[in-house]
Amino acid sequence: MWHVLAAGSFFFPGLYLLCSQCARRTLPKWTEADCSLLSTRIVSSVQGFLAASSGIIVITSCKDVKFDRSFHRHWLATAYNWFIIPYMLYDIYAMYLRHWYRCYDKQILNGKDHFATAMDSFLRKDFLMLVHHVVILTILVPIGLFLRSDIGDFFVGCLYVAEMSTPFVSLGKVLIQMNLQNSLLHKVNGALVLITFFLCRILLFPFMYYAYSKQYGIPLYKVPFSIPLHCNVANASIMAPQIYWFWLICKKALRLYRGPARSGKDR
């Protein structure tokens with residue numbers, strides 16, 4: 001799968017550079033930070049679409065939620081795990097780069113101060129996302145590639161589908177960046193964010209337990225006691241930050257539908 005790893009290493013940074021170049025040409029009044037922010041959100045949307053599509057293909061190909069009797073592993077369940085590695089590494093750097101450009105726009109030009117200020121801003125504002133990416137790279141990806149043997153394609157596909165909300169989340173941020181936070185499109189997109197995030201990142205976990213109970217003919221409440229403890233711990237660990245993020249999204253949605261939103265390109 002080295003070719004998949006190489007493809008991701010070229011695809012995501014290349015798409016970012018292409019979007020940045022187009023943004024600079026079509027939006028000459030925007031700062032470097034604005035162009036970088038827009039580019040990362042486009043790349044995130046593309047990745048979310050690819051991941052969700054891969055997940056749907058894997059899920060619909062599985063005849064058994066644990067074992068697939070027709071073949072050992074779906075090739076896409078493994079291939080996208082390799083493909084996601086360069087994306088996570090790219091996105092960590094892109095997150096830092098956004099803060100670097102903001103410091104540049106604020107005329108913090110001294111090299112040491114520039115790096116320290118950018119890094120401090122990065123760690124303060126994107127720390128949870130950084131932890132999220134590091135956990136995926138150091139725990140979830142190795143499990144998906146090397147530790148799960150030939151079982152669990154269905155659940156891997158479900159985790160890919162969790163990315164279905166990402167394009168809508170990114171579009172909402174782009175609309176705010178373009179000062180369209182009071183538009184009808186932003187309100188419609190906000191509703192889609194709530195729906196897709198709740199369905200694909202919150203209800204996804206009860207759905208996986210339900211699918212297991214239906215497959216093996218046991219009551220839903222007995223599923224947590226019928227699977228290994230580490231599976232329950234892993235699901236709880238993945239679900240916890242999703243609940244926190246959904247709570248933040250709900251707070252933003254209340255502000256959006258109660259009154260005019262604040263403007264600002266850097267939110």
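Note: hydrogens, waters and symmetry copies are ignored here, and every other heavy atom, side chains too, is used. Since the structure is predicted, the reported quantities are computational estimates derived from the model, not experimental observations.
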Verdict with reasoning, I84 to Q47, per side-chain contact (heavy atoms from CB on, under 4.5 Å): CA-CA 9 Å; I84 202 69; Q47 191 282 137; 2.9 Å; yes
Residues K66, Q215; criterion side-chain contact (heavy atoms from CB on, under 4.5 Å); working and verdict: CA-CA 9 Å; K66 187 175 181 181; Q215 179 79 53; over 6 Å; no
Between L180 and L185, is a side-chain contact (heavy atoms from CB on, under 4.5 Å) present by the stated rule, with each step listed? CA-CA 8 Å; L180 295 174; L185 176 59; 6.0 Å; no
Please test F83 against F12 for ring-ring contact (aromatic ring centres under 6.0 Å, His included), starting from the C-alpha separation and ending with a verdict. CA-CA 10 Å; F83 197 59; F12 294 113; 5.0 Å; yes
Full working for side-chain contact (heavy atoms from CB on, under 4.5 Å) between L38 and M178: CA-CA 10 Å; L38 177 63; M178 300 181 72; 5.6 Å; no
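Hydrophobic clustering (side-chain heavy atoms under 4.5 Å, transitive across Ile, Leu, Val, Met, Phe, Trp, Tyr) keeps Y221 apart from F207. Each of L18 and F11 belongs to its own hydrophobic cluster when Ile, Leu, Val, Met, Phe, Trp and Tyr are linked at side-chain heavy-atom distances under 4.5 angstrom. One hydrophobic cluster, built from ILVMFWY side chains closer than 4.5 Å, holds both Y244 and L199. Connection of V193 to L248 is established within a shared hydrophobic cluster, with ILVMFWY side chains joined at heavy-atom distances below 4.5 Å, either directly or through further cluster members. Cluster membership check: F205 shares its hydrophobic cluster with W247, using side-chain heavy-atom separations under 4.5 Å among Ile, Leu, Val, Met, Phe, Trp and Tyr.
Between R98 and D126 there is a side-chain heavy-atom pair separated by less than 4.5 Å. A heavy-atom distance below 4.5 Å is not found between the side chains of Y216 and V223. Using a 4.5 Å cut-off on side-chain heavy atoms (C-beta onward), I238 and L140 make contact. At a threshold of 4.5 Å between non-hydrogen side-chain atoms, the residues T40 and M95 do not count as touching. At least one side-chain heavy atom of F154 sits under 4.5 Å from a side-chain heavy atom of I59. Proximity of Y96 to M119: side-chain heavy atoms (C-beta onward) are separated by under 4.5 Å at one or more points. Counting only heavy atoms from C-beta outward, the side chains of Y209 and N232 approach each other to under 4.5 Å. Side chains of C250 and L194 form a contact here, defined as non-hydrogen atoms less than 4.5 Å apart.
Closest non-hydrogen pair, A162 versus S165, comes out as O-OG, 3.7 Å. Scanning all heavy atoms of the two residues, the minimum distance from C158 to L204 falls at O-CD2, 3.3 Å. Residue I42 comes nearest to C19 through the heavy atom pair CG2-SG, 3.7 Å, listed as atom of the first residue, atom of the second, then distance.
Sequence neighbours left out, the pairs with a member in residues 14-24 that pass salt bridge (charged side-chain N to carboxylate O under 4.0 Å, His left out) are R24-E32. Counting only residues at least two apart or in different chains, salt bridge (charged side-chain N to carboxylate O under 4.0 Å, His left out) contacts with residues 132-148 comprise R148-D153.
A perpendicular orientation is assigned to the rings of H132 and W245, their planes being inclined by more than 60° (bins at 30° and 60°). Between W2 and W82, the ring planes are tilted. Angles from 30° to 60° get that label.
The side chain to side chain donor-acceptor pair (under 3.5 Å) search around D91 returns H133, not counting sequence neighbours. The ring-ring contact (aromatic ring centres under 6.0 Å, His included) search around Y160 returns Y80, not counting sequence neighbours. Shown here are the side-chain contact (heavy atoms from CB on, under 4.5 Å) partners of R25, two or more places apart in sequence or in another chain: Q21.
Here the CZ atom belonging to R41 is positioned 10.0 Å from the OG atom belonging to S36, to the nearest 0.5 angstrom. The distance from the CG atom of L27 to the CG atom of D34 is 9.0 Å, given to the nearest 0.5 Å. From Q181, atom CD reaches atom NZ of K173 across 15.0 Å, with rounding to the nearest 0.5 Å. Atoms CG and CZ, on N235 and F155 in that order, are 8.5 Å from each other to the nearest 0.5 Å. Here S20 contributes atom OG and L15 contributes atom CG; the two are 9.0 Å apart, rounded to the nearest 0.5 Å. Rounding to the nearest 0.5 angstrom, the gap separating the CD1 atom in I92 from the CE atom in M88 is 8.5 Å.
There is a side-chain donor-acceptor pair under 3.5 Å between Y87 and S44. Between the side chains of N81 and T78, no donor-acceptor pair of N or O atoms lies under 3.5 Å. Looking at S121 and R102, their side chains never bring a donor and an acceptor atom within 3.5 Å of each other.
Between R201 and the choices V161, T166, T196, the side-chain contact (heavy atoms from CB on, under 4.5 Å) rule is met once, by T166.
Grouping Ile, Leu, Val, Met, Phe, Trp and Tyr by side-chain contacts under 4.5 Å, direct or through others, puts L229 with V233.
For the pair N189 (side chain) and F168 (backbone), a donor-acceptor distance under 3.5 Å is present.
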